[in-house]
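All remarks here apply to the structure that follows.
Please read all numbers here as calculations on a predicted model, not as lab measurements. The analysis underlying the following values was restricted to heavy atoms, covering all of them including side chains, and did not include hydrogens, waters or symmetry mates.
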Amino acid sequence: MSTLSGKTLFITGASRGIGKAIGLRAARDGANIVLFSKTAEPHPKLPGTLYSAAEEMQEAGGKTLVCVGDIRHEEDVADAVQQAEETFGGLDILVNNASAISLTSTESTSMKSYDLMHQVNARGTFLASRLCLPLLRRAENPHILMLSPPLNLNPAWFGRHLAYTMAKYGMSMCVLGLADEYRNRVGVNALWPRTAINTSAVRNLLGGEQSVQASRQPSIMADAAHAILIQPANQCSGNFFIDDEVLAAEGVDLDRYKVDPSLSDDQLLPDFFLDS
């Protein structure tokens, strides 16, 4: 299988950035995309809404279902899963992309910020997976993909931003647990970028335009996700994939993804949680 044509994807945090890019790539195959996010109204500082993203996916060749909801609220996710089943007859793929970030030291992390990151990242991933699994288990080639890092226990990654690291690693622990629990039934993997990705988070949190220029485009994550999601689920599970490694194995020229093609690879801004 080399296409996601006719497959139904449930993507959390689908209104912009990497989640939107994954949806657009699947839409070009003719997939059905369930877009789940809170972003129904335009944000003063962030581009796009669920509706504008859905329109782009439709123009790319996909069918869409917009589900406005909060990943922290079980009833919102349950309602969206029910709508997905009623609209498309089931689910084939869950992409746990929704994430909250605060790169703060322990003493400067409010408990409100701590709770938000853990509720969205770790709890939201567990919740969406739990609610989608009954439909995924009926699918021909079901996958769950977490946008989360390898579990790197280098203390430096904890000392820099402990609360965020704990929340993000909670997503990665879901990969380990679900891949074992649903072995040979559902493919469960993680995908993480080698470098910073041109998203609003990078622009707003990691140094503005200079950081953006040293990033890769979200399409590298979308293409890597596509390469994973077309694999046989019973043969591809429990992996912590890095975007450029996935595509290099496919023989893809990685230079096409650079925001600034004049930069060399070692001038790109590395992402978190990878030591080299």
query: Do side-chain atoms of Asn198 reach the backbone of Pro218 as a donor and acceptor pair under 3.5 angstrom?
result: no

query: Which atoms form the tightest heavy-atom contact between Arg216 and Val259, and what is the distance?
result: C-CG2, 4.1 Å

Shortest non-hydrogen contact between Arg72 and Leu116, atoms and distance: NH1-CD1, 3.5 Å

message: Please give me the minimum heavy-atom distance between Ile230 and Ser2, naming the atom from each residue.
response: CD1-CA, 3.8 Å

- prompt: For Ser237, which residues count as a side chain to side chain contact (heavy atoms under 4.5 Å, CB included) partner, sequence neighbours excluded?
  reply: Ala179, Val188

task: Measure the spacing between CG of Leu127 and CD of Gln119 and express it to the nearest 0.5 Å.
output: 11.5 Å

- request: Would you mind reporting whether Pro149 and Phe272 have side-chain heavy atoms less than 4.5 Å apart?
  value: no

message: Tell me if a side-chain donor or acceptor on Ser219 pairs with a main-chain N or O of Ala222 at a distance below 3.5 Å.
response: no

message: Consider side chain to side chain contact (heavy atoms under 4.5 Å, CB included). Of Leu191, Ile11, Asn97, which one does Ile22 pass it with?
response: Ile11

message: Using a 3.5 Å distance criterion without hydrogens, assess whether the side chain of Gln213 forms a donor-acceptor pair with backbone atoms of Glu209.
response: no

Member of Arg130, Met146, Arg123 meeting the side chain to side chain contact (heavy atoms under 4.5 Å, CB included) criterion with Cys174: Met146

query: Does the side chain of Arg138 come within less than 4.5 Å of Glu85's, by heavy atoms?
result: yes

query: Can you get from Val95 to Leu247 by hopping between Ile, Leu, Val, Met, Phe, Trp and Tyr side chains that sit under 4.5 Å apart?
result: yes

Atom pair CG (Leu50) and CE (Met57), whose distance is rounded to the nearest 0.5 Å: 8.5 Å

query: Does a donor on one side chain and an acceptor on the other come within less than 3.5 Å for Ser108 and Ser105?
result: yes

message: Could you check whether any side-chain N or O of Asp76 sits under 3.5 Å from a backbone N or O of Asp70, counting only pairs where one atom can act as donor and the other as acceptor?
response: yes

query: Do any N or O atoms from the side chain of Thr87 and from the backbone of Gln83 form a donor-acceptor pair under 3.5 angstrom?
result: yes

- prompt: According to a 4.5 Å side-chain heavy-atom criterion applied to Ile, Leu, Val, Met, Phe, Trp and Tyr, with indirect links allowed, do Leu133 and Phe126 form part of one hydrophobic cluster?
  reply: no

message: I want to check something: taking the side chain as every heavy atom from C-beta on, are Ile242 and Leu274 in contact at a cut-off of under 4.5 Å?
response: yes

Steps toward side chain to side chain contact (heavy atoms under 4.5 Å, CB included) verdict (Asp79, Cys67): CA-CA 8 Å; Asp79 182 62; Cys67 295; over 6 Å; no

query: Shortest non-hydrogen contact from Ala54 to Val66?
result: CB-CG2, 3.6 Å

- request: Working to the nearest 0.5 Å, report the span between CD1 of Ile33 and CD1 of Ile93.
  value: 8.5 Å

message: Using side-chain heavy atoms (C-beta onward) and a distance below 4.5 Å, is Ile197 in contact with Ile220?
response: yes

message: More than 12 heavy atoms of other residues, nucleotides or ligands under 6.0 Å from CZ of Phe158: yes or no?
response: yes

Donor-acceptor pair, side chain of Asn239 and main chain of Phe241, under 3.5 angstrom: no

Set of residues satisfying side chain to side chain contact (heavy atoms under 4.5 Å, CB included) with respect to Asp180, sequence neighbours excluded: Arg183

field: Interatomic distance, Leu229 atom CG to Thr3 atom OG1 [nearest 0.5 angstrom]
entry: 11.5 Å

message: Keeping Lys258 on the side-chain end and Leu263 on the backbone end, is there a donor-acceptor pair under 3.5 Å?
response: yes

message: Using every non-hydrogen atom in the two residues, find where Ser148 and Trp192 come nearest and quote the distance to one decimal.
response: C-CE3, 3.4 Å

- prompt: Can you list the steps and then say if Val186 with Leu178 is a side chain to side chain contact (heavy atoms under 4.5 Å, CB included)?
  reply: CA-CA 8 Å; Val186 180; Leu178 292 172; over 6 Å; no

query: Can you find a heavy atom in the side chain of Thr12 that is under 4.5 Å from one in the side chain of Val77?
result: no

field: Electrostatic pair Arg25-Asp223, nearest N-O below 4.0 angstrom
entry: yes

query: Quick check: does any side chain N or O of Asn189 sit under 3.5 Å from a backbone N or O of Leu145, one acting as donor and the other as acceptor?
result: no

task: Evaluate the side chain to side chain contact (heavy atoms under 4.5 Å, CB included) criterion for residues Ile144 and Cys132: first the C-alpha distance (whole Å), next the side-chain angles of each, then the deciding distance (0.1 Å), finally the verdict.
output: CA-CA 9 Å; Ile144 299 176; Cys132 288; over 6 Å; no

Flag if over 12 foreign heavy atoms under 6.0 Å of CD, Glu140: no

- prompt: Taking Lys168 for the side chain and Leu147 for the main chain, is one N or O donor matched with an acceptor at less than 3.5 Å?
  reply: yes

- prompt: Which value, rounded to the nearest 0.5 Å, describes the distance between Asp255 atom CG and Asp253 atom CG?
  reply: 5.0 Å

field: Distance flag, aromatic centroids of Phe10 and Phe88, threshold under 6.0 Å
entry: no

- prompt: Donor-acceptor pair, Tyr169 side chain versus Asn152 backbone, under 3.5 Å?
  reply: yes

field: Phe240 versus Ala190, closest heavy-atom pair with distance
entry: CD2-CB, 3.5 Å

message: We want to know whether Glu86 and Gln82 form a side-chain donor-acceptor pair, criterion being a heavy-atom distance below 3.5 angstrom.
response: yes

Parallel, tilted or perpendicular, as decided by the 30° and 60° cut-offs, for the rings of Trp157 and Phe273: tilted

message: With clusters defined by side-chain heavy atoms of hydrophobic residues (ILVMFWY) lying less than 4.5 Å apart, directly or transitively, does Leu65 cluster with Val81?
response: yes

message: Tell me whether Tyr114 shares a hydrophobic cluster with Ile71, the cluster being built from Ile, Leu, Val, Met, Phe, Trp, Tyr side chains joined at under 4.5 Å.
response: yes

- prompt: Quick one: are Asp92 and His143 in side-chain contact, heavy atoms under 4.5 Å?
  reply: no

task: Indicate yes or no: at least one non-hydrogen side-chain atom of Met166 is less than 4.5 angstrom from one of Met117.
output: no

- prompt: Is any NZ, NE, NH1 or NH2 atom of the basic residue among Lys112 and Asp115 found under 4.0 Å from an Asp or Glu carboxylate oxygen of the other?
  reply: no

Common cluster, Val252/Leu24, ILVMFWY with side-chain heavy-atom separation under 4.5 Å: yes

task: Apply the test side-chain hydrogen bond (donor to acceptor under 3.5 Å, both in side chains) to residues Asp29 and Ser5: give CA-CA distance (whole Å), side-chain angles for both, the deciding distance (0.1 Å), then the verdict.
output: CA-CA 5 Å; Asp29 279 3; Ser5 176; over 6 Å; no

- prompt: Out of curiosity, Ile228 CD1 to Cys236 SG, how far, rounded to the nearest 0.5 Å?
  reply: 6.5 Å

- request: Can you label the angle between the Tyr164 ring and the His161 ring as parallel, tilted or perpendicular, going by 30° and 60°?
  value: perpendicular

query: Are side-chain heavy atoms of Thr195 and Tyr257 found at a separation under 4.5 Å?
result: no

